[in-house]
Every structure is written in C-alpha cells, then in structure tokens.
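Heads up, the thing below is written out as structure tokens.
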Protein chains: 2
Amino acid sequence: MKARRSATTRTAPAPRATINDVATAAGVSRQTVTRAMNEMPGINPATKARVLAAAKRLRYRPSRFGRGLVKPEPRTLGLVVDDLTNPYYPELASAVIGEAAKQSWNVIVAEKVHATDRRTLLLEVAGQVDAVLGYLNDSDGLDQLGDLPCIQFDSPPGSTVGGVELDFAPAMAELVDHLLDRGVRHPVLLDISPPGSLSGRGQCFVDLMREHGFDPPVTQVIDNSMAAGAAGCAEILQDHPEADAIMAFNDIAACGTLKTLRRAGIDVPGQIKVAGFDGLGLGTYLSPELTTLALDVQGVAAAAVGLALGMAAGEIPRSGPKARRRVSYRLVVRESS
Amino acid sequence: MKARRSATTRTAPAPRATINDVATAAGVSRQTVTRAMNEMPGINPATKARVLAAAKRLRYRPSRFGRGLVKPEPRTLGLVVDDLTNPYYPELASAVIGEAAKQSWNVIVAEKVHATDRRTLLLEVAGQVDAVLGYLNDSDGLDQLGDLPCIQFDSPPGSTVGGVELDFAPAMAELVDHLLDRGVRHPVLLDISPPGSLSGRGQCFVDLMREHGFDPPVTQVIDNSMAAGAAGCAEILQDHPEADAIMAFNDIAACGTLKTLRRAGIDVPGQIKVAGFDGLGLGTYLSPELTTLALDVQGVAAAAVGLALGMAAGEIPRSGPKARRRVSYRLVVRESS
DNA sequence: TTGTAGGCGTTATCAT
DNA sequence: ATGATAACGCCTACAA
C-alpha cells in the first residue's frame, strides 16, 4: 500500500482518485474495480460491495478521457449559433439537442456573440467534439476544421462541407396567394439590407408578386433587431401610406412592425396585414398572433444531426451531394393577416 | 514503415489517423509531431513544414481523449435546463455560456424535456463534464453525482450541493410601492398552483400588499404556459371585475394576460396595470412592453460559473455556506404599469 | 472469481 | 533540433 503520487504536498487541489486508488483501497486489482463499476458479470457480490464502498469513500469518478481513449465512440456534437438571445436560435438548439439526445449524443453550444475571435471560437469547439453544426461561413474559419464533420445551416450550393438547404419558395408562393386572396393590393416588403440587392426571401416575394401584376416597394433596414423592424415600419407608413400588407424579412422585424402599427392606432389585420418569416414561438406570444412562413426546425435538426452522425460514423461523405439535405418552410396563417 | 493496424480491411469506417501515423509519414518521431502541431519552439522550420503537410494529408486531428489524459485541465460545464423553448432558459443559457467562455470553458446543454428519465439524463451529462449547473432537485438524481461539483439555481436553504439563491423580496417591495403610487386599489395575484398554498413570490406579493392595507384575491393556474396565463386572466376579469392591477407569477403568464386584456378591449395600463416576473427580453417584444421584476441573469451566471470553476479547481468546497451565492431582482418599469 | 499484461493517443522529461 | 522513454486512467484479452 504505497502512497499515491507524491505524499499529499501542502494544499494541492487534491487530485482525483483513480481506478488504481480504488483497487488499492479495496485490496483488489484494477480489473475487479472495472467489473464492479460497470455492472459486469462474474464478480463476487461481496467483493463488488467492498469495491463500490471504497469507490464511494474515495469519491472516485471514472475519467472520461481514460474511457474515451479505450472506447472511442463519438458522442459529442458542437452547435455554433450567433446568439441564444435571438429567439430563433434557442428553437433550433432545442431541436438539435433533442435529436442528438435520441442517439445519446451530447451537444456543446457555443455563441459567436461571446467570442472575440470567431476563428478561435470554432477551433476551440472543434477540439472538443466529433462533429460541428451551425450557421457557419468561411469567415468563421471553416478551413481549420480539417477532417472534422461539419454541417452548415442554410448552406450555399458550392459549399465544401455538409449542409442543410432551406427551401422557402413554395411556402412563399402560398403566402402571396393568401395575401391576394384576402384583398391585398398594395404589398410592401420590409427587407434587411445588403445595400443594393435584396435578401433571397425578399427577392422571392417580389418576384412572385410581380407574377401577379404587383410591384411591391421595398424598405430596407440595417440589422435584424426588433427596433430596426419598428423603424422600418414607421418609414413605410410615411413613404407608402397606401400600404395594406407588410412582408417582414423575419419574425423579429414583424414584431417591431406590429408594435409600430399598434402605436399608430392602425388595425391589424383590418387596415394592414403583416407576415413574418421563421415561425418562431414568439409569434404566438404576440397579439395579434403573427402569420408567418415557418421553418420546419425539427426537420432541419433531424437532417443536420443525421448527416453529422452519419459522417462521424464514416457512412456519409464529408461533402458533396450526399452530404446535403433540403428542408422546407410552410405557411402558418394566424391573426395578423 | 509498418502498416498501421490491420491492413485496411474491407470497408471499415476508416480509423482516424493518429500521431504515430503522422510521425511515420513524415519520417520523424511522435514528439516532433507534437512540437509541430502545438506551435512549440525548438523545431526546424523545414521539419515542421514537412510534419504539418503530412498531418494535413492524413487529415490528422489530435484526440481530445489522449490529450485530456495528459493535461487533465477541466474545461467542460454541463448545464441542465427544462426546455430551451421556454424563453427564460435561453437567456440563462446564454449568460452561462458567456461566463464560461471567458475562462475558455465549454458548455454542454441538456434539456429535461427531451429525456425519458431525468436521472439518466443527469448521469449521462455528468459523465461528460467537470461540473454541473441547473435547476436541479433531488428527483433529478443529485445523489448520483458523487463528488462532481454541482450548482443548483434557486437553491433551497438546506441543499447538499452548491447553489445560487434568488432574492426577490426587495424588488417586490418596490413594485408594490410603484403600483400603489400609480393609484392601484384593487390588485389581484395570478399565481401558479401548488394547490392550497402560494408560490414564494406570490406569498411575498400578498404579504406586502397586506402591509399596505390591501388584501389581493388570488387566482391560480395549472402550469406556466402562456395559455394558462390567458385563461387565468379571463377568470380574473369574471371574478374580480373591479381589478385594476394584475401581478402575474412570471412573464409568460403576464404575456397571456396582456393578450386576454387586449381581446377584451381593456386598456393597459389605463384600466388595468400588469406586471410580470423574470425580466425576459420577451417583455420588450410585447406591446405594451411589460413591467417586470427582472432577475439579474448575468449575475446568476457569473455566480454559478464562479462557484463551479472554483469547485473544479478545488478552491471552493462542494457544499456549505461557501458554496452559496445570492443574486437579486430589480424592478423594471415599462409600459404596462 | 480474480489477476496480469498490454495498449488506446497524447505530452513531458530527459537524453542525444 | 530531435528522439527515446515513461507516464496519464481506463478497458479488453487472456491467464490463473
């Protein structure tokens, strides 16, 4: 029974007990400790009890590193989001965590908003996981990932990693029909500004409206905050007093829009109809509840986790057509339209 | 240069390259590979380049297990929440992740809602982390944690693990004063039902009102959903038509309350004032914006992460007075009161 | 039923 | 500047 490590020097942070410590304390071999800890057969109940008692006394916890080294089963996913404070991301995160949990995988969640350097963030996360998911782009340092499986949300066609593509066109067509059916004649688009051009969804809205003989004016805002949405709506009221529908580029902006309309005493949907994009739960908290194009978040999560786990298992290539999936939006009509 | 493992049998999932593979490929020793990979000094630039090239070619990624075994620095936190779909938790999670990131710790987020068995959930998370944080109670299986550092949110006095206590009394007193100042004479409490008794916050509200000579009636609802809040408010309108203020047990319920009031055509805050509890960002999305008692989520996260990391480092005891912190709420007056 | 021997992938120490 | 050797904590085979 020799002292473990250097005889407890001073106030060192008390090193964790190892399997050897337990074995020594219980007067058995390491192997017997393993058998006792892991509910394995072929061990004398009395011995087992003695070992477990020793383990408890020494506060023994098996090291995940030692174990991981011997049974290298991938079990941890990294999810990178912008900011959990933006209601979109928690819904995605929840769905991803749920899908991962089904396969007993854990999820490390990282937020870009807390990182000083996005490349470093991704690198640090990558070092702790068996696959990465997220709204990632080249500027996040995708190149540093090496062979680590990676799934990009809203993935552009030529991506070098796996991805989930988001298909909103059919749902947008439904929405346009819906608005026109309800008598809309002066639709306006509230878009986010890549100055000079439109967002993909915005362009789609405009194109569809044009097919029906309307040419919606566009107001653009700087960022995706609710305040920006509110300001954008105020601008619309001023520039386009004839407006009878506002299509917002996402639910948050639509939320700001509703706020401005309420303050202006404008009835929704009576005078102006409002539609959002994303399908956040937030939309049901509002009053009137928000009509929106809802992403199938569950579907996105299932696709992404499926791809990631498949890649980690070596069953799906890291990139190329087999590394891609497509998920749709659907029209959810609520009170605001 | 011997073949690694058994010469690539059939379509096995292609084992990851190890440091040995890289060393062999580059014609150097493992140690030199380590030096090259880890930006260590004392290596010939040419050698380094050759090693890095080999590593890239073989898609070598250092194993976190191998590394963790040698440098056993704790680096991963487990955060257990009920459900990220409830807007309270993402705000907490974001704050925790931010605090953890400051110390280069990662956070595994787990949701009870996705677990069939809460004990199993906690056990699985515990196995992957160096400390656990969460709204946990005995029924989650706190006993299985052994010596793993654990911090409980809203921790009850006698807890056997570390904890953060939430102190709302002073802020509640402020709120009561505020309401009375604004002319409230018929306050009503919308509480969640532990049938027969009141929630801590509810009791506090009632007690304070009584000190001022008012005796608020109480309406209780089943769960913490917005729908329940809306229903509770409807009940209040019927049972207490004289009500001129509703204190809801949380922001979600307050949200439902606002909805019912709007539909009933009741002006807020003109006819009835509404206050919530938690201080969610959600409150600012609503219209009118919600007056609320706001928890200092950042403070909670800082306290919890501080305790957890201190425990993991062996500088703070696992339980007892030194394992506890206290964080306050503050009154945030917005439009609804 | 229990113990012995070996190796998982990495880094640190000490030679060379 | 580079390499050899020895851990780290755990599990699986095999031997006793």
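Naming: A, B, ... by sequence-line order, numbering from 1 per chain. No hydrogens, no waters, no symmetry mates; every other heavy atom, side chains included, goes into these values.
OP1 or OP2 of C/dT2 sits under 4.0 Å from a side-chain N or O of A/T47. Proximity of B/T32 to the phosphate of D/dA1: no side-chain N or O atom is located under 4.0 Å from OP1 or OP2. Residue A/S29 places at least one side-chain N or O closer than 4.0 Å to OP1 or OP2 of C/dG3.
As a whole-Å value, the separation of A/R64 CZ from D/dC8 C1' is 14 Å. Here D/dC10 presents its C1' atom at 15 Å from CZ of A/R61, a figure rounded to the nearest Å.
Set against D/dA1, C/dC8, D/dC8, the side chain of B/L69 has D/dC8 as its closest nucleotide. With C/dT2, C/dG9, D/dG3 as the choices, the nucleotide that has an atom nearest any side-chain atom of B/V28 turns out to be D/dG3.
B/Y135 and B/Y88 have perpendicular rings, their planes meeting at more than 60° on a 0 to 90° scale where under 30° would count as parallel.
Using modelled atom types, one finds a donor on one side chain and an acceptor on the other under 3.5 Å when comparing A/S94 with B/E111. Between the side chains of A/S63 and A/R16, no donor N or O sits under 3.5 Å from an acceptor N or O.
DNA chain D is contacted by both B/K48 and A/N20; B/K48 maps to the nucleotide lying nearer its 5′ end (nearest heavy atom per residue).
A/D130 places a side-chain N or O within donor-acceptor distance of the main-chain N or O of A/R75, the cut-off being under 3.5 Å.
For the side-chain hydrogen bond (donor to acceptor under 3.5 Å, both in side chains) with A/S155, the lone residue among A/E165, A/R326, A/R324 that qualifies is A/R324.
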### Message
With side chain to side chain donor-acceptor pair (under 3.5 Å) as the criterion, how do A/D82 and A/Y89 come out once you've worked through the C-alpha distance, each side chain's angles and the decisive distance to 0.1 Å?
### Response
CA-CA 8 Å; A/D82 285 2; A/Y89 294 105; 3.1 Å; yes

### Message
Treating primed atoms plus P, OP1 and OP2 as sugar-phosphate and everything else as base, which nucleotides of nucleotides 11-16 of chain C get B, S or - for protein heavy atoms under 4.0 Å?
### Response
BBB---

